[in-house]
Amino acid sequence: MSSLTQSRQPGWPGTTSLVLDEPLLWEKAKPGRVGASLPESDVPPAPLEEGLTRSDLRLPDLGELDVVRHYTRLSTWNFGVDTGSYPLGSCTMKYNPKLNEKLAALPGFAGAHPLLPTELSQGALRVLYETEQMLCAVTGLEACCLQPSAGAHGELTGIMLIQAWHRAQGNRRTKMLIPDTAHGTNPASSALCGYTAVKVPSGPDGILTVEAVAELMDDDCAGIMVTNPNTLGLFESNFKAIAELVHARGGLVYGDGANLNAVMGYAHMGRIGVDVMHMNLHKTFSTPHGGGGPGSGPICVSRTLVPFLPGPRLVERNGILEWDASAAPQSIGRLHPFWGQFGVILRAWAYMHTLGADLKRASELAVLNANYVKARLRDVFDLPFPQASLHECVFTDKKQEDFNVSTMDVAKRLIDCGFHPPTIYFPLVVHGAIMIEPTESESLEELDAFIEAMRSIAELAETNPSVLHDAPVRTKVRRVDEVTAARKPVLTGDM
Ligand SMILES: *Cc1c(COP(=O)(O)O)cnc(C)c1O
């Protein structure tokens, strides 16, 4: 079928609507069609050397306009924070002010070359330096390193620091304590450093207890990784006592700061015993993310770990910023070429400068919004941890199970209602989890519309569950086979 007949409906002139159907590029291709016209060559063709041509890589034959329309049409089906509400728990899909984009696009920043002499890059270096200082102020920690490219990379850096500190003491510890509510990157980062992850069960109210940690923390444990607030949206209120216990038994404390959006200006991470933590600039400090775009996961450390930080470090001498060339014998070395993810760091710098002390207000509103959603849905969805939470709340499908309706059905129906589904089936400790993080950017009207959609879904579960089983119906594709898509991706036109 050609692309045009595919997008036509029988008995309907033209195409189906302005939301155009779009076949695969392989289906649009016409043998011999090309995307570029070059003038006729005035030299005789020379055959490529043996081995330089590939016959295994097939590409569809397409004109330039075919390709432009294809991707432009696909882009109109995309859903982003700029399209609508995106309450994906633990991901902090907040609005990213366009001012940040504008600054990142300024030629002096976008075109800056990291090999320029420092006297010609004082402005860009000032952005880095101030960002380090602001992040230290937000976390209450001693020093910052902007090199890591994502939260997971920050975790790896932090665990390497903890390992370097242990080695410097002559310790050879082999285990890392990780709560059962942790993000999967926590055990992965520990494993990359050779540690065996030891699961710490959370207490009945969703937070860690000192007793559970005391039971497992021995002199073979290098430390503990704790997400605070945790992935249930709860503040780990025993954090300080746990940190003291871990320190007393010779370990260090990693703080996963992915949920910092809930506590900016409220939690002093240094004072509660964090030795190293990462922040996700792309979550908390407003860089568009999702879909694999660039991120940035700086770490902040306590005084204990400063000597081990990756280098070189940025220092200010007589008002001039430069990279410190002096030897740092205990440094774990570089983890990123040049300056880190400069564009993302710059957006975070702009965001923090714009809000200033109002960062605290952003956290307050993020918490208020999550608790509003929670209060307005708790009578229709099961709420396993009913106490006040911070920036996100976790429901389950327990009440809908009786009608054979699952969390997946709820999520798919939300798409039909025009909302990006929340995070589902995570954290793993909650069966059928629906984890909602509205963020501070959503207005009362948006929250109410989301709540109304969720309440209508709860009602449909009782009155007409087949509507939920069929969802989504208003999308280009219906339910996709996610397992097969992940396990057996089709990357060429051969099906
Ligand atoms: C997002 C997240 C991470 C990982 O961060 P990335 O930037 O995606 O690598 C780690 N821990 C928690 C709790 C997170 O939400």
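One is the number of the first residue; the rest follow in order along the sequence. Remember, it's 1-based here, ligands and their atoms both numbered in the order they're listed.
- Annotation for Lys98: atom NZ counts as buried by contact number, over 12 foreign heavy atoms lying within 6.0 Å.
- Atom 11 (N) of ligand 1 has as its closest protein heavy atom Asp256 OD2, 2.6 Å.
- Considering backbone and side-chain atoms together, Asn280 places an N or O closer than 3.5 Å to an N or O of ligand 1.
- In terms of protein heavy atoms, atom 9 (O) of ligand 1 is closest to Ala152 N, 2.8 Å.
- Residue Asn259 places no N or O, backbone or side chain, under 3.5 Å from any N or O of ligand 1.
- A parallel orientation is assigned to the rings of His420 and Tyr86, their planes being inclined by less than 30° (bins at 30° and 60°).
- A cation-pi contact links Lys360 to Tyr266, judged by a cut-off of 6.0 Å to the six-membered ring centre and 45° from its axis.
- Ring orientation note: the planes of Phe426 and His183 are nearly perpendicular, at an angle over 60° on the 30°/60° scale.
- Here is the list of ligand 1 atoms found below 4.0 Å of a heavy atom in Thr227: 13 (C).
- In this comparison of Glu437, His289, Glu392, His282, the heavy atom closest to atom 7 (O) of ligand 1 sits on His282.
- A salt bridge between Arg249 and Glu244 is absent, with no side-chain N of the basic residue lying under 4.0 Å from a carboxylate O of the acidic one.
- Geometrically, ligand 1 and Ala258 share no nitrogen or oxygen pair separated by less than 3.5 Å.
- Of the protein's non-hydrogen atoms, Gly151 N, 3.5 Å is the one closest to atom 6 (P) of ligand 1.
- Contact annotation: for Ser90 versus ligand 1, heavy atoms closer than 4.0 Å belong to both the backbone and the side chain.
- Relative ring orientation between Trp339 and Trp323 is described as tilted, the plane-to-plane angle lying within the 30° to 60° band.
- Residues Asp219 and Lys175 are not paired through a salt bridge, judged by the lack of any N-O separation under 4.0 Å between the basic side chain and the carboxylate.
- For atom 10 (C) of ligand 1, the choice among Glu155, Lys283, His153, Met225 with the nearest heavy atom turns out to be Glu155.
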